[in-house]
Amino acid sequence: MSTPAVKGNSSERSWPLWEVFVRGKRGLSHVHVGSLHAPDAEMALRNGRDVYTRRQEGVSLWVVRSMDITASSPDERDSFFDPAADKIYRHPTFYDIPEDVEYL
Amino acid sequence: MYGNDFIDPDEPLNAAEFGDVDDAVAAAATTAAQRAEGGSSFEALLAADQRIEPRDEMPEAYRKTLIRQIAQHAHSEIIGMQPEGNWISRAPSLRRKAILMAKVQDEAGHGLYLYAAAETLGVDRAELLDLLHSGKQKYSSIFNYPTLTWADNGAIGWLVDGAAIMNQVPLCRCSYGPYARAMIRVCKEESFHQRQGFEILWTLSRGTAAQKDMAQDAANRWWWPALMMFGPPDTGDAATTGGHTAQSMAWGIKRFSNDDLRQKFVDMTVPQAAKLGLTLPDPDLRFNEETGHWDFGAIDWSELWRVLKGDGACNAERIERRVGAHHEGAWVREAANAYAARHDLGQQQEYVA
């Protein structure tokens, strides 16, 4: 995705990119909110707190190095997700049920 | 009573209850049809008002336009910390100081969201900062005006942030996913910025005669530059921006013309000025019964071009300050790197042992 530009001495090199996930409140999953640069995991957590939870948006944070994420390729999106495409009977609304049946 | 952990039944607990499942079912029904038409190409996604995501194919010109626009937007956020940062040490009360610090911190945060969005297009933040520092990329020329009095902090929140919100709300529906998502966060936070600015002027306008004069003076100086923030005319005979707006609209980056947004801003702001008991420095400002809009006088575009090209009151100062801050922070970045490297090394040695 991003190509790190390594310029000048090592202190000026770009810090690695981290993806940030926030749990909004207990009972909810962590949700991806964005990314940031940080030299290590501890700083990524602190920066993540300052950048993404300035208004109490979270009760828990995850940070993951972007390079550690394996993503499905958009080129094969169709074939990759095809198996589910023709199985709409997996959804409850697929079924014809008389309207006056309760609790179903 | 029954020992249940009872929560609000109307509150969605997870994605299934947000209606996402129903959306998925509806989507499944349409996907097959879309696919038959070769539905996930760049053009098809745009036509269906779908978002383009980082790893999708996109025309090089689209990518370049976005990088330039998002970078310029990010630069504006971090340069925008300076005019108000200038007043943190002189804020009139602890309350105002705390608010101003929170606001300036927000601007830094907005810059970071936007640099992160730009990076998904394959540039590095360090590269973009180099371009800002060397003057090869611009930031909004509004930040080249000085903050002479405390009331300027009010006028910036009310007018400058007000204009920014008007520009940014449509960007929440921008065709490029990461930019749109960043703008949603920014807009949510920006609302406090505008309200605290209005409150500053509201307080001053009900204060002593000198305080009211200060508020009026700030409104006088910021009104026209705020109108220029929407960019040069791009509709009708006065249009000067060529095909730029048209192309950005076709790509779903821009949703309204500069002129439409400017008019909306004027219509929204004139009644607010009346509420504040302040006048706006435009003798031609009057309500047009026929159109239902406020007509306003001619904007001096030569001023915008002059300030943009470097001849504003604070151009040199802003960049000098930014470059200075970057250099002064070098030792912090270096120390963090050294700490991270030593930590890595320590871990490696543990593995070896």
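First the proteins, then the strands, lettered A, B, ... as listed; each starts at 1.
- For the pair B:Arg125 (side chain) and A:Leu36 (backbone), a donor-acceptor distance under 3.5 Å is absent.
- For B:Arg342, the CZ atom is loosely surrounded, since the number of other residues' heavy atoms within 6.0 Å does not exceed 12.
- Nearest approach of B:Tyr113 to A:Val51, heavy atoms of both residues: OH-O, 3.1 Å.
- For CD of B:Glu60, the number of neighbouring non-hydrogen atoms (other residues, nucleotides, ligands) closer than 6.0 Å is greater than 12.
- The pair A:Arg55-B:Asp106 meets the salt-bridge criterion, with a side-chain N (NZ, NE, NH1 or NH2) lying under 4.0 Å from an Asp/Glu carboxylate O.
- In this structure, no portion of B:Glu53 lies under 4.5 Å from any heavy atom of chain A.
- In this structure, A:Ala71 and B:Arg55 approach most closely via the heavy-atom pair CB-NH1, 3.1 Å.
- The 12-atom threshold is exceeded at CZ of B:Arg51, counting heavy atoms of other residues, nucleotides or ligands nearer than 6.0 Å.
- Among residues 174-187 of chain B, the residues having any heavy atom closer than 4.5 Å to a heavy atom of chain A are, in sequence order, B:Arg185.
- Counting non-hydrogen atoms of other residues, nucleotides and ligands closer than 6.0 Å to CZ of B:Arg321 gives a total of 12 or fewer.
- Proximity to chain B (any heavy atom under 4.5 Å) is shown, for A:Val31, by neither the backbone nor the side chain.
- At a cut-off of 3.5 Å, with distance as the only test, no side-chain donor of B:His343 or A:Glu42 sits close to an acceptor on the other residue.
- Shortest non-hydrogen contact noted between B:Ala340 and A:Pro39 is CB-O, 3.5 Å.
- Residue B:Lys136 qualifies as open at atom NZ: its count of foreign heavy atoms under 6.0 Å is 12 or below.
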